[in-house]
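Residue indices begin at 1 and follow the sequence shown. These numbers come from a predicted model, not from an experiment.
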Amino acid sequence: MVYKFRLLSDEVEDFRRDIEIDSDATFLDLHKAILESVGYPDDQMTSFFICNDKWIKEKEITREDMGSMSEEDSYIMEECVLGEHVEEEKQKLMYVFDPLGDRVFYMELSKIRFGESCDKATCTKSTGEAPAQTLNFDELMSKNSAAGAANDELEEDFYGSDGYNDDDIDEEGYNIGGIEDISSIDDLY
């Protein structure tokens, strides 16, 4: 079988790569085809993630054995055959090409051609420039600051503003230990 994967980027609007590869190839072969199609050197700790339909990561396939002490299975690109982990059209994957910046290509198995095979992975469609493989320190900090600002805005919308108005406090609603007049609470300390 021949698999056709489509790669997209959320950083570059017109970026697209279509890669055809045999289902008997390994994730390492797919990794090399991706790097060749975008012109990146093979010098990062990349990973694939098999995702569900909502892009939630379910299984990680790493470039190198990370020596994990967890009880979870570890999967290495060189040992994992595509057809054993990806079997259905529309299967979603992520390819993490910049682990420090948590930057990915979104992938989908767009087509399966049964009864065919191919000797070598081929990029059959290439549009748009690939994003830079890694961000410099300033870009990385800017990206993280922007993400933090977005989280702050979300928290303010969700929890309300930090300020309050003294007129909004109902002093009669505070009956602390039988004290009727809240102004005498300072006497407790």
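- Under a cut-off of 6.0 angstrom, the local environment of CG in Asp43 is crowded, with over 12 non-hydrogen atoms contributed by other residues, nucleotides or ligands.
- Hydrophobic clustering (side-chain heavy atoms under 4.5 Å, transitive across Ile, Leu, Val, Met, Phe, Trp, Tyr) groups Met77 together with Val38.
- To the nearest 0.5 angstrom, Leu7 atom CG is 5.0 Å from Ile19 atom CD1.
- A salt bridge does not link Lys125 to Asp18: none of the charged nitrogens lies less than 4.0 Å from a carboxylate oxygen.
- Considering all non-hydrogen atoms of both residues, Met107 and Trp55 come closest at O-CH2, 3.3 Å.
- In the hydrophobic cluster analysis, where Ile, Leu, Val, Met, Phe, Trp and Tyr join through side-chain heavy atoms closer than 4.5 angstrom, Phe27 is grouped apart from Val104.
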Item to check | Residues Val2, Ile112; criterion side chain to side chain contact (heavy atoms under 4.5 Å, CB included); working and verdict | outcome: CA-CA 6 Å; Val2 174; Ile112 299 175; over 6 Å; no

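- You'll find the side chain of Pro131 reaches within 4.5 Å of the side chain of Phe97, heavy atoms only.
- To the nearest 0.5 Å, the span separating CG on Leu93 from CD1 on Ile50 amounts to 4.0 Å.
- Put simply, the side chain of Ser9 gets close to the backbone of Glu11: a donor and an acceptor are under 3.5 Å apart.
- When hydrophobic clusters are built by joining Ile, Leu, Val, Met, Phe, Trp and Tyr residues whose side-chain heavy atoms come closer than 4.5 Å, directly or via intermediates, Met45 is not grouped with Tyr40.
- Linking Ile, Leu, Val, Met, Phe, Trp and Tyr whenever their side-chain heavy atoms come within less than 4.5 Å puts Leu109 and Tyr75 in one cluster.
- In summary, the aromatic rings of Phe15 and Phe105 are positioned with their centroids under 6.0 Å apart.
- The hydrophobic clustering, which links ILVMFWY residues whose side-chain heavy atoms are closer than 4.5 Å, places Val12 and Phe5 together.
- Looking at Arg16 and Asp14, no side-chain N of the basic residue comes within less than 4.0 Å of a carboxylate O on the acidic one, giving no salt bridge.
- Partners of Ser126 under the side-chain hydrogen bond (donor to acceptor under 3.5 Å, both in side chains) rule, at least two apart in sequence or in another chain, are Arg17.
- Within the 4.5 Å cutoff, side-chain heavy atoms of Asn52 are placed close to those of Glu58.
- A 4.5 Å side-chain heavy-atom check between Thr26 and Glu79 finds every atom pair outside the cut-off.
- With a 4.5 Å cut-off on side-chain heavy atoms, Glu116 and Met1 do not count as touching.
- Put simply, the side chain of Ile76 does not reach to within 4.5 Å of the side chain of Ile61, judged on heavy atoms.
- Between atom CG of residue Leu135 and atom CG of residue Asp102 there is a gap of 11.0 Å, rounded to the nearest 0.5 Å.
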Item to check | salt bridge (Lys or Arg N to Asp or Glu O under 4.0 Å) evaluation trace for Arg63 with Asp42 | outcome: CA-CA 10 Å; Arg63 175 73 171 93; Asp42 191 1; 3.1 Å; yes

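- With rounding to the nearest 0.5 Å, the separation of CG in Asp29 from CG in Leu82 is 7.5 Å.
- For Tyr95, the ring pair (Phe, Tyr, Trp, His ring centres under 6.0 Å) partners are His31, Phe48, not counting sequence neighbours.
- Between Arg6 and Glu108 there is no salt bridge, since no side-chain N of the basic residue sits under 4.0 Å from a carboxylate O of the acidic one.
- For the pair Tyr3 and Ser23, the tightest heavy-atom approach, listed with the atom from each and the gap, is CZ-CB, 3.6 Å.
- Taking the charged nitrogens against the carboxylate oxygens, Glu20 and Arg113 do have a contact shorter than 4.0 Å, which makes a salt bridge.
- No more than 12 heavy atoms of other residues, nucleotides or ligands lie within 6.0 Å of CD in Glu36, so this atom counts as exposed by the packing criterion.
- The side-chain hydrogen bond (donor to acceptor under 3.5 Å, both in side chains) pairs that include a residue from residues 81-91 are Lys59-His85, where partners are two or more places apart or lie in different chains.
- With values rounded to the nearest 0.5 angstrom, Asp22 atom CG is found 5.5 Å from Ser117 atom OG.
- Glu60 and Ser47 share a donor-acceptor pair across their side chains, judged by distance under 3.5 Å alone.
- Distance check, rounded to the nearest 0.5 Å: NZ of Lys120 to CD1 of Ile21 gives 10.5 Å.
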